[in-house]
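Inspection log for the structure reproduced underneath, given as structure tokens.
Values reported hereafter were calculated over all heavy atoms of this structure, with side chains retained and with hydrogens, waters and symmetry mates removed.
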Amino acid sequence: MTFPPLKNDLLLRAARGEETERAPVWVMRQAGRYLPEFRKVRESHEFFEVCRTPELATEVTIQPIRRYSGLLDAAIIFSDILVIPQAMGMEVEMKPGPYFPDPLNTPADIAKLTKDVDVNKELGYVFEAITMTRNALKGEVPLIGFCGAPWTLFAYMVEGGGSKTFQKAKTWLFQYPQESEKLLMRIADVCVDFLVGQVKAGAQLLQVFDSWAGELAPHHFQQFSFPTLQHISSGVRQKLASEGIPAVPMTLFAKGANHALSQLAEQGGYDVLGIDWCIEPSEARRLVGDKVALQGNMDPNVLYGGKDAIEREVKRMSESFRGTKPPKGWIANLGHGITPAVDPEDLRWFFQSSRRVI
């Protein structure tokens, strides 16, 4: 499969830990509800319909690239982490947040899941969207593929949606630790196949989102999340190598698990670690050394603070990540996804400020 030559490889060089002329910049959820053009698409199309229709997924993936032409250094395919539970046989609705009509209440419910998931059959629409988007981007920026991490997906599948307490998911961990570990690894296997398929379709960098990592105590993160994250990074690389496909950089964003940064850098198997705004970038760099690149980490709510605040925080973030040196192994981003009420012009200012000071 051949694609238009890449004109801007800044993201890929930074992900490999190289010194770059400036830090590449993109934001999580950059294709989404804050954009009026996205809301226009959603007026006539249900959320998962957009995910499952390659033409629509391509359009909304490219919307921020089109709006912020020349300011962004990456596109991320429009999809959702919950397509994996769907592929495993679970029903998921958006009301407007995720809702599982029939969650996993006890380990006996695991029998309801599809035993052998064929990602090409169940998630081929994501692969089609990636290939279509790679061509539509015409090499302007790299395309990122992604999946949710097993613990985060497990939590949704058991809770039946989002949660403030994670009571049901944690009850599983405490009452049924062995069954939980088996299910987590089963999810991890699907993640591996899904990410490999995305690379084959044209994804140039992969990101794993462990959005609920910070909900686990450090020892429970070690027991229930970390092994699956290792399994994904090693499994993807092994499968690509076995098929003669060059590896692509891999990013892990384990939100709230700053206690594990050093171990993730040493043993996680990822090229880039994303960090939230609850750790100082200089401290994150001290913990990981030069073993991995870093991504982040401005608080998304700064985007509501006005231009002066945005520019001030971008400057502070930049100085903490790189000190007085040129950028090396740093991808500028938010410390979590952009929120729906952000003014698109304030995000533009974030991109412009990043290019000025970084």
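A donor atom on one side chain and an acceptor atom on the other are not found under 3.5 Å apart for Arg134 and Thr131. Between the side chains of Glu311 and Gln352, no donor N or O sits under 3.5 Å from an acceptor N or O.
Relative orientation of the Phe221 and His259 rings is perpendicular, given thresholds of 30° and 60° on the angle between their planes. Between His336 and Trp277, the two ring planes are tilted [angle within 30° to 60°]. Aromatic ring orientation, Phe127 versus Phe194: tilted (interplanar angle from 30° to 60°). Ring planes of Phe209 and Phe146: perpendicular class, angle over 60° (limits at 30 and 60°).
Side chains of Pro24 and Ile331 form a contact here, defined as non-hydrogen atoms less than 4.5 Å apart. Within the 4.5 Å cutoff, side-chain heavy atoms of Arg52 are placed close to those of Gln86.
In this structure, Glu243 does not pair ionically with Lys239, as no charged nitrogen and carboxylate oxygen lie closer than 4.0 Å. Using a 4.0 Å cut-off between charged nitrogen and carboxylate oxygen, Arg66 and Glu59 count as a salt-bridge pair. Salt bridge Lys40/Glu37: absent, no basic N to carboxylate O contact under 4.0 Å. Remark: Glu313 engages Arg316 in a salt bridge, criterion side-chain N to carboxylate O under 4.0 Å. Electrostatic pairing of Arg13 and Glu21 counts as a salt bridge here, judged by a charged N lying under 4.0 Å from a carboxylate O. The pair Asp73-Arg355 meets the salt-bridge criterion, since a charged nitrogen lies less than 4.0 angstrom from a carboxylate oxygen.
From Met250, atom CE reaches atom OG of Ser234 across 9.0 Å, with rounding to the nearest 0.5 Å.
Remark: His231 pairs with no residue by the ring pair (Phe, Tyr, Trp, His ring centres under 6.0 Å) rule, at least two apart or across chains.
Glu345 and Arg348 get closest at one heavy-atom pair: OE1-NE, 3.1 Å. Looking at every heavy atom in both residues, Asn297 comes nearest to Ile275 through CB-O, 3.2 Å. Closest approach of Pro281 to Met317, counting heavy atoms only: CG-O, 4.4 Å. Of all non-hydrogen atoms in Pro4 and Asn135, the two that sit nearest each other are CD-OD1, 3.7 Å.
A distance of 6.0 Å or more separates the ring centres of Phe224 and Phe154.
Taking a 6.0 Å sphere around NZ of Lys307, one finds it holds 12 or fewer heavy atoms contributed by other residues, nucleotides or ligands.
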